[in-house]
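Only heavy atoms go into these numbers, but all of them, side chains included; no hydrogens, no water, no symmetry mates. Given the structure is predicted, the values throughout are model-derived calculations rather than measurements. Chain identifiers are assigned alphabetically (A, B, ...) following the order of the sequence lines, protein sequences preceding nucleic acid strands; residue numbering begins at 1 within each chain.
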Number of protein chains: 2
Amino acid sequence: MATRTRRPERREEPLSRERIVGAAVELLDQAGEAGLTFRALSERLATGPGAIYWHVANKDELLAAATGDAVSAALAAGAAGPPDSPDAAIRAIALGLFDAIDAHPWLGTQLALQMSRSPWQSATPQILERIGRQVRALGVPEGSQFTTIFALVYYILGAAGQNAVNRASAGMLRPGVARNEYLDAVVTQWEALDPEEYPFIRAAAGQLREHDDRSEFLAGVDVILAGITSVYL
Amino acid sequence: MATRTRRPERREEPLSRERIVGAAVELLDQAGEAGLTFRALSERLATGPGAIYWHVANKDELLAAATGDAVSAALAAGAAGPPDSPDAAIRAIALGLFDAIDAHPWLGTQLALQMSRSPWQSATPQILERIGRQVRALGVPEGSQFTTIFALVYYILGAAGQNAVNRASAGMLRPGVARNEYLDAVVTQWEALDPEEYPFIRAAAGQLREHDDRSEFLAGVDVILAGITSVYL
DNA sequence: ACCTGAACACCGTTCAAGT
DNA sequence: ACCTGAACACCGTTCAAGT
């Protein structure tokens with residue numbers, strides 16, 4: 001018993017919502033969305049599956065909390081100093097989300113789902129608030145603000161999610177395989193499509209290889225920003 | 001036995017991939033994504049769960065096939081006559097997808113997932129092909145075609161999916177409840193957020209009520225089209 | 001070749017019982 | 001108040017056995 005007196009390492013501290021959500025994020029990062037299980041999670045927390053339900057209502061709420069935490073971190077990282085312009089601020093927010101989704105591939109899927117399915121769940125208001133302020137600062141008229149916010153947000157989440165999946169899927173084909181090998185496989189499939197039905201995709205497939213890195217992602221953001229300027233300003 | 005001689009109604013014809021996929025679409029429409037189960041599906045087809053695996057590899061492939069079928073129907077519906085201009089054609093494709101996702105709420109989720117996760121699965125090439133042709137016709141330079149395609153596609157799928165969920169969720173709060181009552185609930189939650197942290201969302205929440213119908217959806221498409229024109233043409 | 005249906009290895013969630 | 005862990009009602013998938 002003497003060896004156990006002072007050592008608040010990480011075993012005996014009581015369960016809490018924060019510890020549970022933190023462990024869930026770790027599990028999602030390490031094992032993906034399929035790896036987040038109440039059994040695996042309770043094992044990691046050295047408790048029983050039922051214990052988690054004392055602090056969290058169900059799996060949806062747990063995923064929403066994990067997503068909200070990850071988004072808070074992503075948006076806090078990009079909040080350094082006063083931005084030069086609303087355009088620059090929007091690009092910074094977009095890149096912050098891009099990098100966060102790159103680091104946590106499950107985050108792309110969860111954000112896209114929560115944005116439309118449960119817009120009261122913290123992650124959604126956080127993102128809409130940050131982009132909304134800049135859209136307003138840009139001078140977009142009131143009745144069109146959500147249109148422009150959603151044009152930005154759905155592109156950001158979709159494109160960032162795709163980038164993250166491309167990089168994660170590459171590792172699953174064969175551990176350590178490069179992203180380009182995964183994209184090569186997609187390109188090969190596209191080039192095998194019926195040339196009568198899919199002339200464009202077949203001809204353009206090769207372009208995909210260079211597509212989804214940070215600079216291409218930002219080019220898409222700039223297209224939407226240019227559209228906002230041209231239509232509303 | 002005399003009553004059973006000639007009546008190819010729908011009981012005794014053999015299982016086939018097409019019948020299975022058709023029944024899956026029906027089940028998804030009626031019971032949602034959670035309702036699509038190999039047990040429920042095999043019951044509807046008057047067979048055992050194992051029989052389905054003779055024609056379909058697994059649930060992912062079944063969902064991909066159902067999604068591909070629904071997209072084919074959506075894109076065929078909008079293919080009447082030669083379009084006036086690439087812009088008009090893109091708007092028509094967008095509206096076709098919007099209406100299809102409105103009619104099949106599960107389609108929004110599945111398309112967004114397949115677009116980034118399994119881009120070889122028929123639904124993705126179909127959509128990229130149709131939009132890609134118009135982007136090329138517009139005169140977007142080769143190296144930027146996928147950037148503009150994805151800006152359009154991710155907005156279309158995200159915004160259409162949100163519209164569909166809003167309408168479907170309304171019915172789940174209480175059967176027959178209007179879409180606006182669901183949005184009112186979201187607005188109420190947003191207006192209860194901390195005013196220090198969420199000034200924009202709180203102030204703008206009311207705008208949401210008028211947001212996501214067809215004309216607002218199209219306004220978003222026009223923003224992106226204007227951006228494409230302004231940046232690349 | 002195609003179908004059957006029991007069985008396997010999981011899930012999320014509940015809940016009586018403990019402390 | 002908080003935790004335990006067996007039990008319940010499901011899943012997707014497999015596979016020996018049938019036709």
Side-chain angles (χ1 to χ4, degrees), chain A residues 1 4 8-28 30-67 106 109-110 113-114 117-118 121 172, chain B residues 1 4 8-28 30-67 106 109-110 113-114 117-118 121 172:
Chain A
M1 305 288 157
R4 266 258 175 214
E9 260 298 70
R10 215 171 224 259
R11 298 280 121 185
E12 304 295 327
E13 60 214 274
L15 227 41
S16 69
R17 192 180 156 94
E18 298 93 74
R19 275 192 68 210
I20 290 170
V21 173
V25 170
E26 282 177 25
L27 203 46
L28 285 164
Q30 290 165 18
E33 308 188 45
L36 179 62
T37 284
F38 276 79
R39 283 169 178 79
L41 187 59
S42 62
E43 196 177 339
R44 180 176 288 244
L45 292 163
T47 180
I52 295 170
Y53 284 88
W54 187 260
H55 299 93
V56 165
N58 52 42
K59 193 172 181 180
D60 274 355
E61 193 187 293
L62 178 60
L63 274 166
T67 304
W106 53 274
T109 309
Q110 286 305 311
L113 288 176
Q114 286 178 39
R117 280 228 254 261
S118 35
Q121 281 285 8
M172 289 171 67
Chain B
M1 304 288 158
R4 267 255 173 216
E9 260 298 71
R10 215 169 225 261
R11 298 282 120 183
E12 304 297 327
E13 60 213 276
L15 228 42
S16 68
R17 193 181 156 93
E18 299 93 72
R19 275 192 70 210
I20 291 171
V21 173
V25 170
E26 282 178 25
L27 202 47
L28 286 164
Q30 290 165 19
E33 307 186 46
L36 179 62
T37 284
F38 276 77
R39 282 169 179 78
L41 186 60
S42 62
E43 196 176 338
R44 180 176 288 245
L45 292 164
T47 181
I52 295 170
Y53 284 89
W54 187 261
H55 299 92
V56 165
N58 53 40
K59 192 171 183 181
D60 274 356
E61 192 188 292
L62 178 60
L63 275 166
T67 304
W106 52 273
T109 308
Q110 286 305 311
L113 289 176
Q114 286 178 38
R117 281 227 253 262
S118 34
Q121 280 284 6
M172 289 172 67

Item to check | Residue B:E43 excluded, over 12 heavy atoms near CD under 6.0 Å | outcome: no
Next on the checklist: So B:L62, base contact, sugar-phosphate only, or nothing? Heavy-atom distance under 4.0 Å.
Outcome noted: nothing
N/O contacts under 3.5 Å, protein versus nucleotides 15-19 of chain C?
none

Item to check | B:P49, nearest nucleotide to its side chain (from C:dG12, C:dG5, C:dC3) | outcome: C:dG5
Item to check | Residue mapping more 5' on DNA chain D - nearest nucleotide basis, A:H55 or A:R39 | outcome: A:H55
Checklist entry - Nearest-Å distance, CG (B:L63) to P (D:dT13)? => result 10 Å
Checklist entry - Around A:E33, counting heavy atoms of other residues, nucleotides and ligands shown, do more than 12 lie under 6.0 Å from its CD? => result yes
Next on the checklist: What's A:L41 touching, base or sugar-phosphate or nothing? Going by heavy atoms closer than 4.0 Å.
Outcome noted: nothing
Next on the checklist: Less than 4.0 angstrom between a side-chain N/O of A:W54 and OP1 or OP2 of D:dC3, yes or no?
Outcome noted: no
Next on the checklist: What is the distance, to the nearest angstrom, from the NZ atom on A:K59 to the C1' atom on C:dC11?
Outcome noted: 8 Å
Next on the checklist: Expected output check: what is the dot-bracket annotation of DNA chain C, where ( ) and [ ] are pairs inside the strand (brackets for crossing ones), | is paired with another strand, and pairs are Watson-Crick or G-U under 3.5 Å?
Outcome noted: ||.|||||...|||||.||
Checklist outcome for this item: Checking C:dC3, D:dC2, D:dT13 against the side chain of B:N58 (C-beta onward), the nearest is D:dT13
